[in-house]
Amino acid sequence: MAVGMDKKKNVAAAVQQIHKAKENGAQLVALPECFNAPYGTKYFKEYAETVPDGETSLALQEAARSAGVCVVGGTLPERAGCYLYNTCTVWDNCGNLVAQHRKVHLFDIDIPGKITFKESDVLSAGDHITTFEYLGVKIGLGICYDLRFFEMAQIMSKEGCSVLIYPGAFNMTTGPKHWELLGRARANDLQLWVALVSPARDTKAEYVAWGHSMLIDPWGKVVQELDEKPGLLCADIDLRMVEEVRSQIPVRSQRRTDIYDTISTHDEN
Ligand SMILES: NC(=O)CCC(=O)C(=O)O
């Protein structure tokens, strides 16, 4: 979805898409990172809300309940006391808050002449890895830059997740280089489904999102992808494929942790 300066319009657009996805048969709907606010450090404080009683949370709760779908509510700037977080809330089909993930790895990078961003100027990092269960399926959550950290995805996989969902907003520098690569790497390494959910590209925005929401199967194949424009990606996730890939290429039981442990104690890098 496109995200602009008007929070109410952003939230209304998200609610509309949730209902549209339900009409298309969705049981779970995921929104992009920072779907209710422009993405930028100077905006987080102004747009921040408390969870679960802020206006965006209440709108997501009501949308999940009235549509009867699970909503992975992208992210919103969350205010908790004097701290701000980049937070994903998850609502089940009855409108219960079933998970809340605060971005663990803050997006602090500096590529001179291309992109410099420092979330840690205003945001605090979450310190929990978040998984939840819906319709008997274990699902893991990461937010954008979290996608770069294999260890986090590996823990979610070890906890039994067969799907990882990353609301994210890569940019015009790192997006074409790494967005798909990282999503496919996580899916292939851990042999599970990965969904990457981005805002649409707005070339007039200060931060221009790459777009290209996609769903990747446990073989590491992109099964569906949007372009940079607003759109709705609806796809079936065949969970049997997780077991199929894992039994046919059994890397999970072939790890030589005896060797890795020895090496990793010698070389922290
Ligand atoms: N919102 C983000 O965390 C952006 C991450 C990103 O673009 C990257 O390259 O990593």
Side-chain angles (χ1 to χ4, degrees), residues 1-4 10 14 17 30-44 47 72-77 85-88 101-123 125-126 140-153 156 163-190 193-216 220-233 235:
M1 51 176 283
V3 178
N10 294 334
Q17 290 294 77
L31 300 170
E33 183 179 30
C34 220
F35 75 94
N36 73 341
Y39 183 65
T41 48
K42 71 178 185 207
Y43 298 113
F44 292 144
Y47 284 78
V72 176
T75 78
L76 51 88
Y85 299 95
N86 189 345
T87 299
C88 176
H101 176 67
R102 292 173 170 161
K103 190 174 190 173
V104 167
H105 303 94
L106 295 181
F107 179 44
D108 288 0
I109 69 166
D110 182 20
I111 307 177
K114 302 275 190 196
I115 176 164
T116 301
F117 205 97
K118 200 154 180 240
E119 278 191 320
S120 65
D121 276 345
V122 286
L123 298 181
L141 292 174
I143 299 173
C144 205
Y145 200 57
D146 284 337
L147 176 63
R148 290 189 179 271
F149 297 86
F150 168 76
E151 295 87 340
M152 181 177 163
M156 297 192 282
V163 182
L164 302 182
I165 301 179
Y166 291 91
F170 271 43
N171 53 78
M172 299 301 287
T173 300
T174 60
K177 291 183 179 10
H178 296 156
W179 174 248
E180 176 181 333
L181 176 73
L182 287 165
R184 293 183 64 197
R186 298 295 83 89
N188 180 60
D189 282 345
L190 298 166
W193 287 87
V194 171
L196 307 181
V197 193
S198 171
R201 189 179 306 164
D202 173 0
T203 51
K204 292 190 209 74
E206 285 163 58
Y207 182 93
V208 183
W210 171 239
H212 291 271
S213 296
M214 62 179 70
L215 180 69
I216 304 160
K221 177 180 162 207
V222 177
V223 291
Q224 268 199 54
E225 177 179 355
L226 297 178
D227 57 18
E228 76 286 359
K229 296 187 283 299
L232 187 62
L233 187 164

J.: Give me each pair satisfying salt bridge (Lys or Arg N to Asp or Glu O under 4.0 Å) with a member in residues 31-41, each pair once, sequence neighbours excluded.
T.: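 Salt bridge (Lys or Arg N to Asp or Glu O under 4.0 Å) check on residues 31-41 returns Glu33-Lys103.
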
J.: Which heavy atom of Tyr166 sits nearest a heavy atom of Asp146, and at what distance?
T.: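 Scanning both residues completely, I find the closest heavy atoms to be CE2-C, 4.1 Å.
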
J.: Taking side-chain hydrogen bond (donor to acceptor under 3.5 Å, both in side chains) as the definition, give me every residue that meets it alongside Gln224, ordered by chain and number, with sequence neighbours left out.
T.: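 So Gln224 forms no side-chain hydrogen bond (donor to acceptor under 3.5 Å, both in side chains) with any residue.
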
J.: Could you tell me how the ring of His212 sits relative to the ring of Trp210: parallel (under 30°), tilted (30 to 60°) or perpendicular (over 60°)?
T.: parallel

J.: Tell me the closest heavy-atom pair linking Pro176 and Asn171, and the distance in Å.
T.: CD-O, 3.6 Å

J.: Are Val72 and Val197 packed together at the side-chain level, in the sense that at least one heavy-atom pair is separated by less than 4.5 angstrom?
T.: no

J.: Tell me every residue that passes ring-ring contact (aromatic ring centres under 6.0 Å, His included) with Phe107, counting only those two or more places apart in sequence or in another chain.
T.: Phe117, Tyr145

J.: So which heavy atom on Ala169 is nearest to which on Tyr207, and how close?
T.: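 Shortest heavy-atom separation between Ala169 and Tyr207 comes out as O-OH, 2.5 Å.
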
J.: Rounded to the nearest 0.5 Å, how far does CG of Leu123 lie from CZ of Arg102?
T.: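 Arg102 CZ to Leu123 CG: 11.5 Å, rounded to 0.5 Å.
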
J.: Mind checking whether Ile143 and His101 have side chains closer than 4.5 Å, heavy atoms only?
T.: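 They are in contact (side-chain heavy atoms under 4.5 Å apart), so the answer is yes.
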
J.: Could you list the residues that satisfy salt bridge (charged side-chain N to carboxylate O under 4.0 Å, His left out) with Lys229, not counting sequence neighbours?
T.: Asp227

J.: State whether the side chain of Asn10 and the backbone N or O of Gly4 hold a donor-acceptor pair below 3.5 Å, judged by distance alone.
T.: yes

J.: Quick one about Ser120 and Asp108 (side-chain donor to acceptor, distance below 3.5 Å, no hydrogens or angles considered), yes or no?
T.: yes

J.: Can you see which heavy atom on Leu106 is nearest to which on Ala125, and at what distance?
T.: CD1-N, 3.8 Å

J.: Look only at the side chain of Ser213 and the backbone of Ser198, and say whether a donor-acceptor pair between them is shorter than 3.5 Å.
T.: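 Looks like yes, one N/O pair under 3.5 Å.
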
J.: Quick check for you: to the nearest 0.5 Å, what is the distance between Phe170 atom CZ and Lys177 atom NZ?
T.: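 Those atoms lie 12.5 Å apart.
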
J.: Nearest heavy-atom pair of Cys88 and Pro167: which atoms, and what distance?
T.: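 For Cys88 versus Pro167, the nearest heavy atoms are SG-CG, 4.4 Å.
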
J.: The test is side chain to side chain contact (heavy atoms under 4.5 Å, CB included); show your working for Phe150 and Leu190 and say whether it passes.
T.: CA-CA 9 Å; Phe150 168 76; Leu190 298 166; 3.9 Å; yes

J.: Looking only at heavy atoms, what is the nearest atom pair of Leu31 and Ala14, with distance?
T.: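 The pair with the smallest heavy-atom distance is CD1-CB, 3.9 Å.
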
J.: Mind checking what makes side-chain hydrogen bond (donor to acceptor under 3.5 Å, both in side chains) contact with Arg148, not counting sequence neighbours?
T.: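 Here the qualifying residues are His178.
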
J.: Taking C-beta and beyond as the side chain, do Val104 and Phe149 meet within less than 4.5 Å on heavy atoms?
T.: no

J.: Of all residues at least two apart in sequence or in a different chain, which pass the salt bridge (charged side-chain N to carboxylate O under 4.0 Å, His left out) check with Asp189?
T.: none

J.: Measure the shortest side-chain to side-chain distance between Cys34 and Tyr47 over non-hydrogen atoms and say whether it is less than 4.5 angstrom.
T.: no

J.: Is there side-chain contact between Trp179 and Met214, with heavy atoms separated by less than 4.5 Å?
T.: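 SC-SC contact between Trp179 and Met214 confirmed.
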
J.: Does any non-hydrogen side-chain atom of Pro199 lie less than 4.5 Å from one of Phe35?
T.: no

J.: Side-chain contact, heavy-atom cut-off 4.5 Å: Tyr39 with Thr75?
T.: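 They are not in side-chain contact.
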
